[in-house]
Structures are given as structure tokens and as C-alpha cells.
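Structure first, commentary second.
Since the structure is predicted, the reported quantities are computational estimates derived from the model, not experimental observations.
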Amino acid sequence: VEHGSNSLKPQDPTREGHVFKGWNLSLENITKNMSVVAVYEKNTFIVTFNTDGGTEIDEQTINYNDPILEPVVSKEGYRLVGWFIDSNFQTKYNFSLLVKEDMTLYALWEANETQVTIYEVVFKDDLGETLFTIEVPSGKSIVPPVAPNKEGYMFKSWDTGLSNITSDLTVTAVYEI
């Protein structure tokens with residue numbers, strides 16, 4: 001190139017995962033030997049998350065060849081099995097992989113095992129002596145045991161209802177003369 005002249009612009013180069021933005025130096029009015037370097041910008045990709053009823057997750061904009069940040073997600077009564085690249089849950093996504101395209105990840109859930117709380121219902125006589133103890137699953141009702149006998153008295157009732165048990169309970173016999 002002659003001193004003070006413009007250089008012919010080379011063909012735009014290509015680079016996987018990038019967009020060519022131009023040259024780092026002007027190719028006009030060249031007055032010295034120089035090396036020009038292509039300037040690129042990384043492509044960006046959108047990653048969306050189908051949480052299948054779990055907490056909503058914002059989409060992520062990820063640069064080419066960068067990893068996806070694994071989102072924190074929850075769904076009441078379920079545990080997350082993992083994120084999959086297909087809605088048929090055939091291929092689990094590996095978060096150490098680098099992004100090269102737009103994608104949607106699908107959450108696969110597994111129901112938590114139902115944990116039933118067991119409560120203790122203690123039946124006592126009017127003097128506080130334990131007559132019976134029964135274990136009852138939360139929310140269930142029980143049939144009272146056989147009425148206890150007390151010499152000289154007639155059993156009237158138990159002092160507490162026995163439906164929808166939601167805590168440990170002490171039930172006392174009520175007598176009348």
C-alpha cells in the first residue's frame with residue numbers, strides 16, 4: 001500500500017459462535033506498516049426453563065460457549081429429579097456443557113413420599129391413671145375404647161371429641177353418680 005493510501009478491505013472473516021464487528025484499526029490513510037486484527041462479538045443465546053408448575057424462572061441470556069447457571073426451583077410436594085433438553089425427559093442436561101444455541105430446559109419432578117405424622121391419644125380415668133394409649137395418623141378420627149368401669153359410678157362420656165386428630169391428645173373419662 002502506498003504511503004497515505006487506503007488499503008483494500010479484506011473479505012470479512014468468520015469465527016464460530018461470533019459476529020464479525022470490523023477491524024481494530026482504520027484501513028484508510030495508511031502511513032506506516034501495521035497489523036490489523038479482526039474484532040468479534042460473541043453470539044448470545046436465550047435459555048428458557050419449563051418448570052412444569054414449579055416456581056417461575058426467568059430466561060437466561062448466555063454468551064456462546066458459556067455455561068448455563070443452574071436455576072433454583074421448587075414445587076410443593078415434589079423434588080426436582082433434574083433438567084432435561086427434551087419434553088419427553090430422555091436426555092438429562094449437564095450444566096457443565098457450553099451453550100451453542102437457543103434452548104429450553106424441562107424440569108422433571110418426582111412426588112415426595114407422603115409423610116404422615118402419628119399422634120398419641122392417651123385415655124385416662126378421672127384420677128389421671130392411663131387406661132389406654134392409641135396411635136392415630138394426623139387428621140384421622142378414632143372410635144373410643146370400651147367405657148371404663150368405676151365402682152359406684154356410671155360412665156357418662158370422654159371429655160374430648162375424637163375426630164380429626166391433629167396433635168397429641170389426653171382424653172379423660174367423665175363419670176356421674
- request: For residues Ser74 and Trp109, report the shortest heavy-atom separation together with the two atoms involved.
  value: C-CH2, 3.6 Å
message: When you compare the side chain of Val121 with that of Thr133, does any pair of heavy atoms fall below 4.5 Å?
response: no
Asp168 side chain to Tyr119 backbone, donor-acceptor under 3.5 Å: no
message: For Ile118 versus Pro137, what's the shortest heavy-atom pair and its separation?
response: CD1-CA, 3.8 Å
field: Spacing of CG belonging to Asn164 relative to OG belonging to Ser138, to within rounding of 0.5 Å
entry: 7.5 Å
query: Just how far is it from atom CD of Glu120 to atom OG1 of Thr170, taken to the nearest 0.5 Å?
result: 8.5 Å
Interatomic distance, Leu108 atom CG to Asn88 atom CG [nearest 0.5 angstrom]: 11.0 Å
Stepwise side-chain contact (heavy atoms from CB on, under 4.5 Å) check, Gln60 with Leu69: CA-CA 8 Å; Gln60 293 181 21; Leu69 302 174; 3.8 Å; yes
task: Report yes if the distance between the aromatic ring centroids of Phe84 and Phe89 is under 6.0 Å, otherwise no.
output: yes
message: Give me the atom names and distance for the closest heavy-atom approach of Val136 to Ile142.
response: CG2-CG2, 3.3 Å
- prompt: Is it true that atom CG of Asp58 has more than 12 heavy atoms of other residues, nucleotides or ligands lying nearer than 6.0 Å?
  reply: no
field: Test log, rule side-chain contact (heavy atoms from CB on, under 4.5 Å), inputs Val99 and Asp66
entry: CA-CA 6 Å; Val99 175; Asp66 283 350; 5.9 Å; no
message: With a 6.0 Å cut-off (strictly less than), is the heavy-atom count around CD of Glu2, excluding the residue itself, greater than 12?
response: no
Contact list for residues 9-36, test salt bridge (charged side-chain N to carboxylate O under 4.0 Å, His left out), sequence neighbours left out: none
message: Please check if the number of heavy atoms outside Leu8 that lie under 6.0 Å from its CG is greater than 12.
response: no
task: Taking Thr55 for its side chain and Val73 for its backbone only, find out whether a donor-acceptor pair lies under 3.5 Å.
output: no
task: Could you please spell out the steps behind the side chain to side chain donor-acceptor pair (under 3.5 Å) verdict for Thr48 and Thr104?
output: CA-CA 5 Å; Thr48 56; Thr104 298; 2.7 Å; yes
- prompt: How about Met103 and Ile68: do any of their side-chain heavy atoms sit closer than 4.5 Å?
  reply: yes
field: Closest approach of Phe132 to Pro145 (non-hydrogen atoms, all atoms of both residues)
entry: CD1-CG, 3.5 Å
Pairs satisfying salt bridge (charged side-chain N to carboxylate O under 4.0 Å, His left out), at least one member in residues 145-155, at least two apart: Asp126-Lys150
Crowding at CG, Asn65 (>12 non-hydrogen neighbours, <6.0 Å): yes
query: Does the side chain of Met34 reach to within under 4.5 Å of the side chain of Leu25, using non-hydrogen atoms?
result: yes
query: Are Val47 and Leu98 connected, step by step, through hydrophobic side chains (Ile, Leu, Val, Met, Phe, Trp, Tyr) whose heavy atoms are closer than 4.5 Å?
result: no
field: Heavy-atom side-chain proximity of Tyr106 to Phe49 below 4.5 angstrom
entry: no
- prompt: Within a strict 4.5 Å, meaning less than it, do heavy atoms of the Val146 and Phe155 side chains meet?
  reply: no
task: Given side-chain contact (heavy atoms from CB on, under 4.5 Å), test Asn43 with Val19 step by step and report yes or no.
output: CA-CA 6 Å; Asn43 289 336; Val19 174; 2.9 Å; yes
- prompt: Are Leu97 and Trp83 grouped together when hydrophobic residues (ILVMFWY) are joined by side-chain heavy atoms under 4.5 angstrom apart?
  reply: yes
- prompt: Is there a side-chain contact between Asp125 and Tyr175, using heavy atoms and a 4.5 Å cut-off?
  reply: yes
query: Any donor-acceptor pair under 3.5 Å linking the side chain of Asp159 with the backbone of Val171?
result: no
- line: CD (Glu56) and CG (Asn50) are apart, to the nearest 0.5 Å, by 9.0 Å
message: Tell me the closest heavy-atom pair linking Asn24 and Val39, and the distance in Å.
response: N-CG2, 3.7 Å
- line: What one should report as the nearest heavy-atom pair of Thr44 and Asn63 is CG2-OD1, 3.1 Å
task: Find the distance between CG (Asn29) and NE2 (His3) and round it off to the nearest 0.5 Å.
output: 7.5 Å
- prompt: Under the 3.5 angstrom rule, does the side chain of Glu129 hit a backbone N or O of Lys124 as a donor-acceptor pair?
  reply: no
field: Close side-chain approach of Leu162 and Pro144, heavy atoms under 4.5 Å
entry: yes
- prompt: Are the side chain of Asn94 and the backbone of Ser96 linked by a donor-acceptor contact shorter than 3.5 Å?
  reply: yes
message: Can you confirm whether more than 12 heavy atoms, excluding those of Lys42, are under 6.0 Å from its NZ atom?
response: yes
- request: Test Asn6 against Ile30 for side-chain contact (heavy atoms from CB on, under 4.5 Å), laying out the working first.
  value: CA-CA 6 Å; Asn6 295 341; Ile30 306 299; over 6 Å; no
- request: On the 0 to 90° scale, with breaks at 30° and 60°, tag the His18-Tyr40 ring pair as parallel, tilted or perpendicular.
  value: perpendicular
field: Centroid separation Phe95 to Tyr93 less than 6.0 Å
entry: yes
Aromatic centroids of Trp158 and Phe123 separated by under 6.0 Å: yes
statement: Between the CD1 atom in Ile46 and the OG1 atom in Thr61, the distance rounded to the nearest 0.5 Å is 3.5 Å
message: For Lys100, I'd like to know if atom NZ has over 12 heavy atoms of other residues, nucleotides or ligands within 6.0 Å.
response: yes
- prompt: Given side chains that start at C-beta, do those of Glu110 and Val81 come closer than 4.5 Å, heavy atoms only?
  reply: yes
query: Hey, is OH on Tyr153 packed in by over 12 heavy atoms from elsewhere, all under 6.0 Å?
result: no
